[in-house]
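Let me begin by presenting the structure, written as structure tokens, before commenting on it.
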Amino acid sequence: MQVTVLYFAWLRERIGQPREVVETGAITVADLVAELAARSEGHALAFADLTSLRVALDQELSDFAAPLAAAREVAFFPPMTGG
Amino acid sequence: MQVTVLYFAWLRERIGQPREVVETGAITVADLVAELAARSEGHALAFADLTSLRVALDQELSDFAAPLAAAREVAFFPPMTGG
Amino acid sequence: MAVRVQSAPFDAGAEQAQFAAGLRQAGAVVTFTGLVRDNGGTLAAMEIEHYPGMTERAIAAMVEQAQARFGLEAALVIHRHGRLLPQEAIMMVATAAPHRADAFAAAEFLMDYLKSRAPFWKKEIGAGGAVWVAAKDADEDALRRW
Amino acid sequence: MAVRVQSAPFDAGAEQAQFAAGLRQAGAVVTFTGLVRDNGGTLAAMEIEHYPGMTERAIAAMVEQAQARFGLEAALVIHRHGRLLPQEAIMMVATAAPHRADAFAAAEFLMDYLKSRAPFWKKEIGAGGAVWVAAKDADEDALRRW
């Protein structure tokens with residue numbers, strides 16, 4: 001399955017790119033994170049502490065235990081600071 | 001002691017005037033109310049139910065048990081409906 | 001801190017712009033504007049009576065209290081009296097504080113006090129005549145949270 | 001109900017005036033405006049990153065929820081992204097309801113959700129470099145009251 005992965009804020013800076021398209025067989029978000037973390041030192045560092053990260057599947061907030069299902073766009077980012 | 005008495009809203013309408021200057025020996029606000037209520041039928045009607053009235057002494061909210069002390073201006077009115 | 005009691009209409013947007021332009025440190029500005037509701041088309045006009053002298057004193061005291069309690073950088077209260085038409089602005093409160101919780105709390109505090117402790121009385125003029133608006137228990141109760 | 005996510009500055013006073021002009025029944029209008037604080041002169045600029053597409057969807061969902069829950073006649077959310085200078089308006093919320101309690105509650109509800117559930121990230125640019133603003137526990141806690 002092909003998934004577009006997006007990164008925002010300091011996560012984007014650590015990984016060094018705002019998006020990448022990956023081929024994955026991951027069942028859950030956590031599975032996908034494990035695959036992504038293995039891609040580079042920057043990725044590993046960025047995903048070191050999942051409690052400080054949030055995830056959205058197809059632009060809806062989700063969580064790391066959730067199944068990827070048919071999501072086409074997976075976004076990772078720090079807690080939001082709007083307003 | 002000479003006191004200026006002011007009336008507002010429906011109290012003013014029932015009494016038929018916005019202000020009157022009265023000579024009084026009243027010790028408390030309640031004493032003054034008793035004197036005012038004896039002035040006319042309109043006054044008696046207006047002061048029939050003190051729970052629906054408020055009083056200010058020299059432009060500060062007070063209550064019916066309070067001493068008139070040296071107050072020069074005593075205002076009676078219904079509960080306020082600002083905002 | 002500014003308090004204005006006036007019969008003339010005011011422009012809430014222009015007041016807000018002017019209020020915000022004078023700020024130097026605030027991160028949060030809250031405004032409340034009260035409008036004359038037409039009660040489903042039955043209201044022709046609203047007349048607001050007040051107690052000149054006491055009105056300004058009472059509002060100034062509320063604003064000082066709000067400023068001290070919520071650490072406001074600035075506060076503004078405008079309240080009209082006289083005859084108003086449906087949709088016209090009756091009054092406006094603006095508060096500015098470093099953070100949003102204080103700006104919101106101060107605006108609600110001022111509104112609750114203005115409703116029940118500032119000497120204004122509203123009369124609704126409709127087809128059936130004129131009726132003084134009765135004070136609501138809920139407005140008196142709202143004061144207890146402060 | 002209107003949601004605007006934009007990099008261009010906006011005029012909060014003009015927005016408020018336009019918002020109020022469109023009302024027909026509301027008796028209460030509340031606005032909140034968030035301004036860039038200069039942190040005692042140390043802040044040169046603020047940069048706000050967002051997630052185009054999700055931002056608009058997330059805010060629209062919040063506004064719909066607020067409208068249903070508080071019986072709003074109208075609601076407006078404007079939020080900027082990109083580079084902002086001290087004192088500039090970051091964002092604005094406006095709510096209109098028959099009575100003040102609902103207008104206030106809806107504005108606070110929207111603010112609490114915008115703070116922690118809309119995909120914006122703030123970075124403060126100062127003399128010492130650039131620092132991403134950390135989310136506050138208090139902002140997450142504020143959501144629990146709704």
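Lettering follows sequence order; numbering is per chain, from 1.
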### Message
Please classify the contact of D:A96 with chain C as side chain, backbone, both or neither, using a heavy-atom distance under 4.5 Å.
### Response
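For D:A96, neither part sits under 4.5 Å from chain C.
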
### Query
Which bit of D:Q87 comes within less than 4.5 Å of chain C, counting heavy atoms only: side chain, backbone, both or neither?
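Interface part for D:Q87: side chain.
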
### Message
What part of C:A107 gets within 4.5 angstrom of chain D, counting heavy atoms only: side chain, backbone, both, or neither?
### Response
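Both backbone and side chain of C:A107 come within 4.5 Å of chain D.
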
### Query
Nearest heavy-atom pair of D:Q16 and C:G13: which atoms, and what distance?
CG-CA, 3.9 Å

#### Entry: Heavy-atom pair count under 4.5 Å with chain C, highest-scoring of D:R100, D:E15, D:Q18, D:R24
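Greatest number of close heavy-atom pairs with chain C: D:R100.
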
#### Entry: Contact residues of residues 112-135 of chain D (partner chain C; heavy-atom separation under 4.5 angstrom)
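So far as heavy atoms go, D:D112, D:K115 are the residues that approach chain C to under 4.5 Å.
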
#### Entry: Part of residues 25-62 of chain D lying next to chain C, heavy-atom separation under 4.5 Å
D:Q25, D:A26, D:G27, D:A28, D:V29, D:V30, D:T31, D:F32, D:T33, D:G34, D:L35, D:R37

